[in-house]
Amino acid sequence: AIFFFLQLLLAATQAAFLPPQLNTRCVNATLRTVAVAAEPACAALCMETAGCVSYNFLAGGHAAPQRCELNRYSMQYALVSDPHSCYVFRLPQMNRTQVQPAFSYALLPAQHSVTLLGSSVLATAFAENIAYLTATYHVDDMLYWFRTRAGHSHVPGQSFGWDNGGPDRPYGLRGSVAGTFLMGAAGVLRWTEHTAFRQQVRELLQGINSTMAPNGFVMAFPQNESHMHENPDYVTAWVVHGLLAAAAAGHAEALPLLRAHLDWFATSDAVPLFLPPAGGTDYGPSPFVDRHSAQFDHGHTIYLIYQGIIHHTAVALSAVGLQQDVDVATRLYQETWWLQQLAARNLSAIWQRHFFPHNYEITALEAYMDLYQLTGNRLYLDAVDGFYEMFRDNWLHVGGIVAIKEWKLYPPKSYYLDCTGENPHDPSDAVHSVGELCGQAFWILLCQRLHRLRPTQQEYTEHIEETLLNGVVSQIPPGSNGFRQFALLHKVKMNISNIATCCEGQGTRLLGRLPEFVYSVMPSNGSVFLNLYTASNFTWQRQQHISPARHHGQQGGIWRIGVSTLWPLDGEVQVELAGPTAAEAGVAAGAANFTVALRMPSWVVGTEINVTISDASDPTGAGTESVRGLPGTYLYLTRAWPSRTLISFTLSAAWRVTPYVGRTELPVPGLSRLRYALRRGPVLLALTGPWDPSLQCMQLHLPPGTTPMAPDQWLVGIPNHPLHFAVKGNPDFIFKPYFQVQEEFFEVYPVITQ
């Protein structure tokens with residue numbers, strides 16, 4: 001039935017741009033039928049009737065009056081040869097006033113002036129992303145379909161990567177490659193000046209502008225395919241994210257392109273085809289069904305709802321945002337029934353999401369978080385909180401790896417371990433891939449929004465750190481010029497790709513933004529937050545603030561924050577604060593009163609973290625003091641900071657052992673419940689060594705008197721190899737960070753017996 005429906009839906013949507021006599025008609029969806037004098041009255045009546053999305057004007061004959069049949073949304077369509085069966089445009093009047101968000105977030109991520117230093121884990125990943133972008137993308141290739149759509153002759157370049165195929169073969173996701181490059185390269189340009197990227201971004205924007213249609217349409221696919229394949233969602237979202245990244249990198253010429261295209265979209269005849277699935281009280285019973293088999297095909301309805309909404313809210317929050325962007329999102333895409341189910345903590349709302357359960361649901365929640373900021377409507381936040389709690393507790397694998405993906409069902413706490421890099425796309429019910437890089441990127445961005453809303457909640461940054469190390473950095477191997485799509489946790493990793501896949505797009509986007517996760521500032525009081533500890537510098541233009549309580553000014557000017565550490569390979573951290581000189585501040589240099597918030601991770605050993613603060617300009621050390629931080633919180637240091645201060649502490653990472661509780665069973669009965677995953681602080685470790693084909697796993701036999709839950713009893717650190725551990729009594733095996741595993745056999749959940 002679903003397959004038949006999809007055939008009808010495809011036929012219906014393709015028919016929208018055929019001659020007028022071919023149209024679509026809802027089946028079993030009549031709201032009511034009324035007598036009318038003429039067709040315009042029928043159309044007007046549909047516009048005025050809540051829930052009406054289409055009408056059928058039925059001409060009378062003999063004694064029969066002319067009638068108007070009003071239809072609600074239906075999951076079934078039929079082709080009709082009737083020009084009087086029409087979808088209506090639900091947004092007849094565009095509100096072009098500038099958006100006024102209901103509130104601003106308390107925290108603002110660093111927007112520029114952060115440098116990642118040395119060969120740290122994060123700095124290396126940032127550099128590898130630059131190498132990937134340099135080796136893979138060429139302007140003529142990225143503009144190939146833009147120029148072709150505009151009718152240029154003798155178009156240079158080639159149709160490359162997912163522009164030339166991908167999940168929508170044989171059509172290709174035309175324009176997605178340009179979006180991928182802009183997301184990554186423009187992201188990099190916020191932090192470091194890269195001459196080649198700057199030139200490529202400039203040429204790409206000029207090329208897109210030169211191919212813009214007179215009505216403002218800027219995408220690379222034909223206008224009459226705007227509702228087809230994954231064009232209205234995947235491609236459009238990628239390009240919009242890329243143009244916004246370009247604007248943030250200093251290319252203001254990207255903003256008129258955004259505004260022109262979304263204006264075209266809002267008044268396009270294609271808009272009525274972007275309709276959410278039926279569900280909830282508005283459109284009949286809840287769409288959740290009890291599926292006992294994964295043998296079903298959802299199509300790509302997901303992308304219309306999930307990625308379709310995000311580019312409207314992202315633009316609404318930009319410098320060219322209009323109220324019409326909010327209206328399109330809320331009136332056209334919003335699914336109130338789904339928000340209500342998420343707010344009610346209904347697990348089915350995630351893993352049995354109609355039609356298309358997927359980790360891409362997370363990016364829809366990003367958009368609903370944006371709508372909360374734009375409107376203040378509490379339902380959005382309640383839904384996001386419900387989703388966050390359910391996803392964290394049921395679909396977040398060990399190490400922050402996302403444990404749900406498209407095409408198959410992933411019940412709560414399923415935590416599958418049956419997919420390897422040898423068979424990542426196996427269609428059978430026996431294989432469930434996990435760790436899609438797209439999902440990890442979306443999860444990080446959602447957690448970032450929540451932390452900006454609730455700065456005191458360290459949990460959000462802890463999720464960012466863990467997923468970043470294990471689910472993102474792990475996916476761009478050194479020297480590879482490519483990404484692994486899935487962070488698989490079993491046997492061997494996935495091959496590397498460099499053809500602008502979906503995961504390459506979100507991977508390069510997130511790594512291009514990497515420095516913004518390290519530091520945040522609180523504009524309301526001039527505070528600075530240190531969220532992730534990595535060797536870095538932040539040149540912070542601190543604004544001058546007036547304290548109502550003290551009735552005196554707080555010194556602004558340029559402050560330089562430097563972090564020296566080898567974290568996560570070593571726990572020693574030193575933070576240096578250097579205030580402005582007299583010339584920079586425009587006043588006499590001296591102490592400034594503000595707050596430095598230091599993240600105190602929950603994964604440390606013990607119940608407190610000792611922090612030492614010293615005035616670096618005082619050689620006697622007389623002003624040195626010690627304070628104690630509580631793990632799982634932020635330590636707020638508010639004081640009059642001298643011109644140069646050193647803050648030192650040690651993050652002693654504790655062992656964390658996670659017994660396996662998922663659905664994957666090993667060939668030997670009972671052994672699946674003897675599988676354990678190890679983390680040292682946030683770092684997920686993988687066991688490397690010989691593979692046991694009969695067990696389809698690796699197995700360790702511990703020395704007598706030891707237990708899997710106490711790794712200190714049976715692991716020995718390997719000198720000069722941080723976070724590498726030999727196993728007592730098992731000389732062929734070594735634990736190492738998952739992000740350092742490359743082509744060798746490994747297991748994140750080995751069998752560990754005594």
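Note that these values count all heavy atoms, side chains included, but never hydrogens, waters or copies made by symmetry.
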**OP:** Measure centre to centre between the rings of H490 and W691, then say whether the value is under 6.0 Å.
**Re:** yes

Original post:
For T707, does its backbone N or O pair with a side-chain atom of W714 as donor and acceptor, under 3.5 Å?
Top reply: yes

**OP:** Verify, without hydrogens or angle tests, whether Q696 (side chain) and P693 (backbone) share a donor-acceptor contact under 3.5 angstrom.
**Re:** yes

Original post:
Would you say the side chain of V121 lies within less than 4.5 Å of the side chain of P568, judging by non-hydrogen atoms?
Top reply: yes

**OP:** May I ask you to say whether R392 pairs ionically with E459, meaning some side-chain N is under 4.0 Å from a carboxylate O?
**Re:** yes

Original post:
Between the side chain of N470 and the main-chain N/O of P682, is any donor-acceptor distance below 3.5 Å?
Top reply: yes

Subject >> Non-hydrogen side-chain atoms of W191 and T115 separated by less than 4.5 Å >> reply: no

**OP:** Give a yes or no on whether the backbone of L133 and the side-chain of T136 come within a donor-acceptor separation of less than 3.5 Å.
**Re:** no

**OP:** Walk me through it: do W567 and T534 pass the test side-chain hydrogen bond (donor to acceptor under 3.5 Å, both in side chains)?
**Re:** CA-CA 6 Å; W567 179 254; T534 185; over 6 Å; no

Subject >> Distance (rounded to the nearest 0.5 Å) between E747 CD and D692 CG >> reply: 11.0 Å

Subject >> E743 and K493 ion-paired at < 4.0 Å >> reply: no

**OP:** Under the side-chain hydrogen bond (donor to acceptor under 3.5 Å, both in side chains) rule, what do R673 and Y660 come out as? Steps first, then yes or no, please.
**Re:** CA-CA 6 Å; R673 298 300 161 237; Y660 183 64; 5.8 Å; no

Original post:
Pick one: which of I476, T124, T134, L510 meets side-chain contact (heavy atoms from CB on, under 4.5 Å) with N129?
Top reply: I476

Subject >> Straight-line distance of L122 CG to L511 CG, nearest 0.5 Å >> reply: 9.0 Å

Original post:
Are the side chain of S672 and the backbone N or O of L666 linked by a donor-acceptor pair below 3.5 Å?
Top reply: yes

Original post:
When the ring centroid of H463 is compared with that of W443, is the distance short of 6.0 Å?
Top reply: yes

Original post:
Does H241 use its side chain to pair, donor to acceptor, with the backbone of V239 at less than 3.5 Å?
Top reply: no

Donor-acceptor list for residues 724-732 side chains, cut-off 3.5 Å, not counting sequence neighbours:
residue	atom	partner	partner atom	Å
H724	ND1	P722	O	3.0
H724	NE2	Q740	OE1	3.4
K728	NZ	Q713	O	3.2
N730	OD1	H701	N	3.2
N730	ND2	H701	O	3.0
N730	ND2	K728	O	3.0

**OP:** Flag the pair L723 / V683 as yes when at least one side-chain heavy-atom distance between them is below 4.5 Å, and no otherwise.
**Re:** yes

Original post:
Side chain of T664, backbone of L417: donor and acceptor closer than 3.5 Å?
Top reply: yes

Original post:
Can E665 and R675 be said to form a salt bridge (charged side-chain N to carboxylate O under 4.0 Å, His left out), step by step?
Top reply: CA-CA 10 Å; E665 296 291 340; R675 302 177 76 170; over 6 Å; no

Original post:
Does the pair S520 and N531 meet the rule for a side-chain hydrogen bond (donor to acceptor under 3.5 Å, both in side chains), with working shown?
Top reply: CA-CA 7 Å; S520 301; N531 304 311; 3.0 Å; yes

**OP:** Measure centre to centre between the rings of Y634 and H451, then say whether the value is under 6.0 Å.
**Re:** yes

Subject >> Side-chain donor-acceptor contact under 3.5 Å, R484 with Q475 >> reply: no

Subject >> Geometric cation-pi criterion, R679 with W603: 6.0 Å, 45° >> reply: no

**OP:** Please check if the distance between the ring centroids of F529 and Y519 is under 6.0 Å.
**Re:** no

Subject >> Gap separating the CG atom of L646 from the CD atom of E576, nearest 0.5 angstrom >> reply: 5.5 Å

**OP:** Give a yes or no on whether the backbone of M390 and the side-chain of N394 come within a donor-acceptor separation of less than 3.5 Å.
**Re:** yes

**OP:** Kindly give the heavy-atom pair with the smallest separation between Q574 and S648, and that separation in Å.
**Re:** OE1-OG, 3.7 Å

Original post:
Can you say whether the rings of F538 and W540 are parallel (under 30°), tilted (30 to 60°) or perpendicular (over 60°)?
Top reply: parallel

Original post:
Minimum heavy-atom separation for R190 to A110, with atom names?
Top reply: NH2-O, 3.5 Å

Original post:
Is a salt bridge present between E466 and R656, judged by a nitrogen-to-oxygen distance below 4.0 Å?
Top reply: yes

Original post:
According to the interplanar angle, ranging from 0 to 90°, do the rings of Y416 and Y410 count as parallel (below 30°), tilted (30 to 60°) or perpendicular (above 60°)?
Top reply: perpendicular

Original post:
Could you walk me through whether D426 and K408 pass the salt bridge (charged side-chain N to carboxylate O under 4.0 Å, His left out) check?
Top reply: CA-CA 11 Å; D426 190 322; K408 298 176 183 179; 5.1 Å; no

Subject >> CG-CG distance between L514 and L468, expressed to the nearest 0.5 angstrom >> reply: 5.5 Å

**OP:** Identify, with sequence neighbours excluded, every residue that meets side-chain contact (heavy atoms from CB on, under 4.5 Å) alongside T688.
**Re:** I734, K736, V741, E744, F746

Original post:
Under a 4.5 Å cut-off applied to non-hydrogen side-chain atoms, are V604 and S652 in contact?
Top reply: no

**OP:** Could you tell me whether H425 atom NE2 has more than 12 heavy atoms of other residues or ligands within 6.0 Å of it?
**Re:** yes

**OP:** Report yes or no: does S480 contribute a side-chain atom to a donor-acceptor pair with the main-chain N or O of G482 at less than 3.5 Å?
**Re:** yes

Original post:
How long is the span from the SG atom in C419 to the CE atom in M494, to the nearest 0.5 Å?
Top reply: 8.0 Å

Subject >> Aromatic ring proximity, centroids under 6.0 angstrom, Y137 and F197 >> reply: no

Original post:
Which heavy-atom pair separates P515 from F126 by the least distance, and what is that distance?
Top reply: CD-CE1, 4.0 Å

Subject >> A364 backbone acceptor or donor facing Y360 side chain under 3.5 Å >> reply: no

Subject >> Over all atoms of both residues, closest heavy-atom pair of P711 and W655 >> reply: CB-CD2, 3.8 Å

Original post:
With a 6.0 Å cut-off on ring centres, are Y749 and Y676 close enough?
Top reply: no

Original post:
Going from CG on L107 to CG on L453, what distance comes out if it is rounded to the nearest 0.5 angstrom?
Top reply: 9.5 Å

**OP:** Report yes if the side chains of Y460 and R452 come closer than 4.5 Å at any heavy-atom pair, otherwise no.
**Re:** no

Original post:
Any chance the side chains of T501 and E504 put a donor and an acceptor closer than 3.5 Å?
Top reply: yes

Original post:
Closest heavy-atom contact between N537 and G562?
Top reply: OD1-CA, 3.4 Å

**OP:** Give the intermediate values and the outcome of side-chain hydrogen bond (donor to acceptor under 3.5 Å, both in side chains) for residues T467 and Q440.
**Re:** CA-CA 6 Å; T467 299; Q440 271 101 242; over 6 Å; no

Original post:
Among side-chain atoms of S602 and E462, is any donor-acceptor pair under 3.5 angstrom?
Top reply: yes

**OP:** Could you walk me through whether R513 and E516 pass the salt bridge (charged side-chain N to carboxylate O under 4.0 Å, His left out) test, one step at a time?
**Re:** CA-CA 6 Å; R513 298 175 60 168; E516 76 178 51; 2.9 Å; yes

Original post:
Any side-chain donor paired with an acceptor under 3.5 Å for Y415 and R663?
Top reply: no

Original post:
So, for V201 and A185, which heavy atoms are closest and what is the spacing to 0.1 Å?
Top reply: CG2-CB, 4.4 Å

